[in-house]
Student: 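A single structure is presented below for examination.
Bear in mind that the values here come from a model prediction, so they are computed numbers and not experimental data.
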Amino acid sequence: MTQRGQWGSRLGFVLAAAGSAVGLGNIWKFPYITGENGGGLFVLIYLVCIVVVGLPIMIAEVLLGRATQQSPVPAFAGDSGKSAWQIVGVMGVITGFVILSYYSVVAGWSLHYVVLSILGTFNGMPVEDIGKTFGAVYQDPTINLGWHVAFMGATIGIVYTGVGKGIEAAAKILMPALFVLMGGLLIDAFFQPGFGKAFDFLFKPHTEKLTAAGVLEALGHSFFTLSLGMGAMLTYGSYLGKKDDAVSASGLISLLDTGVALVACLILFPITFSFGMEAEAGPGLVFVSIPVALSQMTGGQFLSIAFFFMLFFAALSSGISLLEVVVSTCIDKFGWTRAKAAVSMGAAIFLFGIPSALSGAEEGPFSTGWKSVFGKNFFDSFDYLASNWFLPLGGLLIAVYVGWVMPDQRRRAEFESGSRFASFYGVWLVFLRFVAPIAIIILFLYSIGVIDKAWLS
């Protein structure tokens with residue numbers, strides 16, 4: 001337990017777990033997929049999916065971690081320590097390892113844009129040149145490798161320090177700082193001429209652009225945004241005390257994660273609409289459209305610094321949890337010290353991520369020239385595997401294990417222990433056993449192409 005550690009307080013757990021859930025998916029991906037799917041109705045479906053799919057699995061992961069006081073692999077081992085369900089934990093560790101290897105590269109882009117903003121690079125720059133900046137960054141191996149080193153170094157340093165003095169202490173700084181930055185940017189967005197249009201776009205049920213494929217995208221994001229299916233919530237839950245209210249904490253984490261995603265939209269869309277840009281800008285919304293718009297605003301340089309710091313804080317808090325999944329497994333399964341696990345696994349993830357950092361280099365000595373069986377480069381291939389295979393399967397198997405394999409007496413006792421929502425056990429179990437698995441199976445079939453997008457358009 002000395003090596004594993006425990007949370008110093010319930011607040012520390014909530015902030016750390018919320019930090020795991022709040023990441024680039026909230027501030028980068030959710031706004032652009034909301035824009036692509038027409039706003040309001042898509043948001044409403046997303047919120048429903050959070051409640052009926054995301055939250056039940058979130059509770060299951062946290063409860064399993066608290067019940068076993070173990071990381072993903074031994075948590076599924078059972079009393080004999082030899083259960084075949086351990087493969088679910090192995091999948092989670094592999095998923096965390098793979099995701100962090102390329103997630104670090106994206107996080108590096110946010111750091112680079114912080115520097116560009118501090119230097120005033122976008123001040124007075126022609127709009128078309130600002131738009132080209134991201135493409136140049138993506139293709140520059142020196143920039144990508146350099147920030148990959150910096151981000152992984154920061155992540156390793158925090159995890160190395162431990163649960164209480166490292167992860168929890170960092171969460172108590174990063175998350176309040178993130179909320180303060182978001183609050184300041186939201187106040188500024190409120191006074192933008194496009195705020196009313198953005199509010200209407202986000203909260204009125206527009207149906208023009210939403211398709212069945214968009215509904216499945218809302219379902220998929222509601223699942224992925226909570227860091228489910230990779231053992232992160234299970235690992236963080238394992239540092240809880242036996243009497244901590246895991247159910248209400250899971251609800252609060254889900255609420256914070258969803259709130260950040262919605263506030264991010266209320267920050268981005270007013271700026272976008274105020275300068276005559278389209279909401280459906282796609283992945284370039286954050287790294288292209290926002291710098292273009294901010295460069296034309298009074299105080300735009302300061303706002304740009306704040307925005308990309310916010311993006312970096314969100315990325316770092318998620319990166320910490322991804323590394324902790326791998327580190328805690330090495331501590332529990334192999335008896336490694338935390339120092340050895342953090343440094344060695346962090347270094348391994350960094351090395352594994354180098355091809356992703358070089359994926360944009362189309363020419364020259366750093367060009368990989370490699371295409372996988374999916375016809376994608378390293379970066380896109382790892383993202384495809386993690387998002388479309390590992391995470392849905394991991395989430396599905398966690399729901400099946402806790403919902404059907406875990407003895408009912410133990411499952412009920414864990415749900416009710418310290419919980420103010422003990423009377424909702426039966427409702428939660430129905431969603432966990434039936435609603436969530438069916439939804440994930442449909443999502444998985446869609447993600448791997450068995451359900452054709454053309455059928456759903």
Side-chain angles (χ1 to χ4, degrees), residues 19 22-35 103 105-125 127 129-134 137-138 143 147 150-151 154 173-195 198-199 202 225 256-257 259-279 281-319:
V22 172
L24 295 174
N26 301 74
I27 301 173
W28 175 40
K29 186 174 182 179
F30 181 71
Y32 85 68
I33 61 175
T34 299
Y103 190 90
V105 178
V106 183
W109 298 340
S110 66
L111 270 172
H112 187 69
Y113 271 71
V114 168
V115 174
L116 292 180
S117 300
I118 292 173
L119 296 176
T121 304
F122 301 127
N123 298 345
M125 180 183 287
V127 170
D129 290 342
I130 296 177
K132 295 176 182 177
T133 300
F134 177 65
V137 170
Y138 176 69
I143 289 175
W147 290 121
F151 183 81
I173 296 172
L174 290 174
M175 296 311 293
L178 174 67
F179 297 149
V180 168
L181 288 171
M182 293 198 82
L185 289 167
L186 180 61
I187 292 171
D188 180 81
F190 179 79
F191 292 101
Q192 295 297 323
F195 185 84
F199 192 88
L202 195 60
T225 189
L256 287 172
D257 177 79
V260 167
L262 294 176
V263 171
C265 289
L266 285 175
I267 292 170
L268 290 166
F269 288 138
I271 297 172
T272 302
F273 290 138
S274 295
F275 289 88
M277 299 177 181
E278 296 297 325
L285 179 64
V286 165
F287 291 107
V288 177
S289 298
I290 293 304
V292 168
L294 291 177
S295 70
Q296 303 173 62
M297 292 172 57
T298 302
Q301 181 177 356
F302 172 78
L303 293 173
S304 183
I305 294 170
F307 178 82
F308 287 108
F309 258 126
M310 176 182 72
L311 197 62
F312 167 66
F313 288 162
L316 182 58
S317 61
S318 293

Student: Identify the two heavy atoms, one from G19 and one from S317, that lie closest to each other, and give their separation to 0.1 Å.
Tutor: O-OG, 2.7 Å
Student: Do W109 and V137 have side-chain heavy atoms sitting under 4.5 Å apart?
Tutor: yes
Student: To the nearest 0.5 Å, how far apart are CD1 in I267 and CD1 in I187?
Tutor: 10.0 Å
Student: Between atom CE of M297 and atom CG of D188, what is the distance when rounded to the nearest 0.5 Å?
Tutor: 4.5 Å
Student: Kindly compute the distance separating CG (L116) from CD1 (I143), expressed to the nearest 0.5 Å.
Tutor: 7.5 Å
Student: Taking side chain as C-beta onward, heavy atoms only, is F307 less than 4.5 Å from L268?
Tutor: yes
Student: Consider ring-ring contact (aromatic ring centres under 6.0 Å, His included). Of F190, F269, F273, which one does F195 pass it with?
Tutor: F190
Student: Write down the atom of N26, the atom of V22, and the distance for their closest heavy-atom approach.
Tutor: OD1-CA, 3.3 Å
Student: Could I get the full list of side chain to side chain contact (heavy atoms under 4.5 Å, CB included) partners for V115, not counting sequence neighbours?
Tutor: L119, W147
Student: Decide yes or no for F312 and Y113: does some side-chain heavy atom of the first lie under 4.5 Å from some side-chain heavy atom of the second?
Tutor: no
Student: Ignoring hydrogens, what is the shortest heavy-atom contact between S274 and Q192? Give both atom names and the distance.
Tutor: OG-CB, 3.5 Å
Student: Between CG of L202 and CG of L266, what distance do you get to the nearest 0.5 Å?
Tutor: 5.0 Å
Student: Can you check whether F30 reaches L262 side chain to side chain, under 4.5 Å on heavy atoms?
Tutor: yes
Student: Can you tell me how far the CD1 atom of I130 sits from the CG atom of N123, to the nearest 0.5 Å?
Tutor: 8.5 Å
Student: Are the side chains of F122 and T133 in touch, meaning some heavy atoms are under 4.5 Å apart?
Tutor: yes
Student: I want to check something: taking the side chain as every heavy atom from C-beta on, are L111 and L311 in contact at a cut-off of under 4.5 Å?
Tutor: no
Student: Of all heavy-atom pairs between L178 and M310, which one has the smallest distance, and what is that distance?
Tutor: CD1-CG, 3.2 Å
Student: Considering only heavy atoms from C-beta outward, does the side chain of P291 approach that of F308 to under 4.5 Å?
Tutor: yes
Student: Side chains of S295 and M125: closer than 4.5 Å at any heavy-atom pair?
Tutor: no
Student: Keeping the roles fixed (side chain from Y103, backbone from L24), state whether a donor-acceptor pair exists under 3.5 Å.
Tutor: yes
Student: Roughly how far, to the nearest 0.5 Å, is the OG1 atom of T121 from the CG atom of D129?
Tutor: 12.0 Å
Student: For residues S318 and G23, report the shortest heavy-atom separation together with the two atoms involved.
Tutor: OG-CA, 3.4 Å
Student: Please check this pair: side chain of S117 against backbone of F302, looking for a donor-acceptor N/O pair closer than 3.5 Å.
Tutor: no
